[in-house]
Amino acid sequence: MLPGMGTIRLREDQPLDLSLSLSCGQAFRWEQREGWWEGVVGESLWRVRQEGRRVIYSGTTAPAVRHYLALDENLPVILASIDRDPVVYRSIEACRGLRILRQDPWEILISFICATNTNIPRIRKMIASLARTFGKRIPGSDEAVYTFPVPEALLVSCGDHLAACRLGYRDRSVAGTAGMVEEDPGILNRIAGFPSNDARAALLSFPGVGPKAADCILLFGFHRLESFPVDVWIRRIMHDHYMPPPPGAKGSSEKEDRRIREFGQEHFGAYAGYAQEYLFCARELLNGVKVRSPGPSSSGTPPARR
DNA sequence: AGCCAGGTCTGCG
DNA sequence: CGCAGACATGGC
């Protein structure tokens with residue numbers, strides 16, 4: 001029997017969609033293999049799988065899994081609180097069981113610096129490349145598996161290694177942010193204790209972190225569930241279904257994104273981040289845009305736009 | 001081949 | 001301030 005193997009029984013009233021939660025774009029290191037989800041959390045390789053109301057795991061412990069999957073949070077209450085209009089209602093129906101994970105702030109900080117102006121498949125590759133190049137190998141796994149690199153690890157090598165990770169122009173931001181965290185190792189812990197607006201301001205001081213990345217880091221790395229990141233998809237959904245862009249508005253602008261974010265937080269309330277994530281995950285349904293997801297996907301005929 | 005992607009930063013007016 | 005371009009790369 002594998003170390004740390006066990007089963008968690010989900011409460012009848014607490015939905016979970018493990019696959020959706022791990023693949024929806026809030027975490028980038030989970031892969032489906034042989035019926036399991038495999039991912040590195042901290043120093044360990046986890047294997048997780050869901051069978052109905054059971055979560056089966058190995059390589060970790062039940063409390064760690066419960067914490068990571070936020071099984072302590074009352075999802076029906078959260079979903080009821082954001083269920084304020086037919087659009088988000090449809091998203092909830094489509095994605096019920098999606099939970100916002102509790103992930104490591106440092107890993108999320110670097111991940112969402114990498115996530116700017118690119119697509120999810122490539123983000124996954126960039127993160128995998130960083131881990132393979134700078135992380136520690138985790139023993140006891142058939143495939144080579146690596147931890148997410150600590151800040152110092154991203155700095156020691158001569159920079160050629162970073163270039164080899166193919167981050168594009170983001171490599172400077174990753175290196176700069178790693179340098180700042182290495183010089184001030186307590187900074188993320190302090191940010192974790194800040195009120196959200198101060199935490200947001202602090203995150204904006206890292207190179208490569210703008211308003212959208214800061215909100216993603218707050219939501220996924222610091223579990224600030226009121227955060228409402230506005231990316232190209234959310235902007236599209238909000239303009240199509242909630243608040244048409246002002247006449248004469250050209251494409252995207254920081255001002256317009258701020259307007260969308262403020263509307264989202266006002267409209268959805270304290271759990272606006274959950275609303276954002278459900279809308280994001282239902283974007284194909286809502287906007288009729290073909291979206292790729294990892295793993296073998298059985299694609300029917302995509303609905304026409306609108 | 002060309003448009004686009006979970007945007008950010010810089011340099012203008 | 002607010003806005004336009006540049007930006008490095010690869011998915012589709």
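In this text the structure is predicted, and so the values were computed from the model without any measurement. Throughout, protein chains are lettered first and strands after them, A, B, ... in sequence-line order, and every chain is numbered starting at 1.
Look at CG on A:Asn117: it is 9 Å from P on B:dA5, rounded to the nearest Å. Residue A:Asn119 contributes atom CG, which lies 13 Å from atom C1' of C:dA8 at whole-angstrom precision. The distance between atom CG of A:Asp231 and atom P of B:dC4, rounded to the nearest whole Å, is 16 Å. Atom CZ in A:Arg235 sits roughly 7 Å away from atom P in B:dG7 (whole-Å rounding). Distance A:Leu204 CG to B:dT8 C1': 11 Å, rounded to the nearest Å. The distance from atom OH of A:Tyr169 to atom C1' of C:dG10 is 12 Å, rounded to the nearest whole Å. One atom, CG of A:Asp257, and another, C1' of C:dC3, lie 14 Å apart when rounded to the nearest Å. One interatomic measurement links the two molecules: CZ of A:Arg172 to C1' of B:dG7, which rounds to 15 Å at whole-angstrom precision.
Of the listed nucleotides (B:dT8, B:dA5, C:dG11), C:dG11 has the atom at the smallest distance from the side chain of A:Pro121. With distances taken from any side-chain atom of A:Thr116 to the nucleotides C:dT9, B:dG7, B:dA5, the minimum falls on B:dG7. Among C:dG2, C:dG10, B:dT8, the nucleotide with an atom closest to any side-chain atom of A:Lys255 is C:dG2.
In terms of phosphate contacts, A:Arg170 brings no side-chain nitrogen or oxygen within less than 4.0 Å of OP1 or OP2 of C:dA8. Taking side-chain N and O atoms only, A:Lys125 has no distance below 4.0 Å to OP1 or OP2 of C:dT9. For the pair A:Arg122 and C:dG10, the criterion of a side-chain N or O lying under 4.0 Å from OP1 or OP2 is not met.
Cation-pi check for A:Arg49 over A:Trp36 is met; the charged atom lies under 6.0 angstrom from the ring centroid and within 45 degrees of its normal. A cation-pi arrangement is present between A:Arg236 and A:Trp233 under the rule of less than 6.0 angstrom and at most 45 degrees off the ring axis.
Nucleic acid contact for A:Glu277: base, since at least one base atom lies under 4.0 Å from a heavy atom of the residue. Using a 4.0 Å heavy-atom distance criterion, A:Val209 is classed as a sugar-phosphate-only contact. Residue A:Gly208 is in sugar-phosphate contact alone, with no base atom involved, counting any heavy-atom pair closer than 4.0 Å across all strands shown. In this structure, A:Gln26 reaches the bases: a heavy-atom distance under 4.0 Å links it to at least one base atom across the strands shown.
Along DNA chain B, the nucleotide nearest A:Ile234 and the nucleotide nearest A:Phe206 are compared for position; the residue whose nucleotide lies closer to the 5' end is A:Ile234.
Classification of the A:Trp30-A:Trp46 ring pair by plane angle, with boundaries at 30° and 60°, yields perpendicular.
With respect to A:Asp215 and A:Arg200, a salt bridge is recorded, a charged nitrogen being found less than 4.0 Å from a carboxylate O. Contact check on A:Glu93 versus A:Arg90 returns no salt bridge, with no Lys/Arg side-chain nitrogen under 4.0 Å from an Asp/Glu carboxylate oxygen. Between A:Asp72 and A:Arg102, at least one side-chain N (NZ, or NE/NH1/NH2) sits under 4.0 Å from a carboxylate O, which counts as a salt bridge.
B:dC9 and C:dG10 are spaced 22 Å apart, taking the P atom of each and rounding to whole Å. C:dA8 and B:dG11 have their P atoms separated by 14 Å, with the value rounded to a whole Å.
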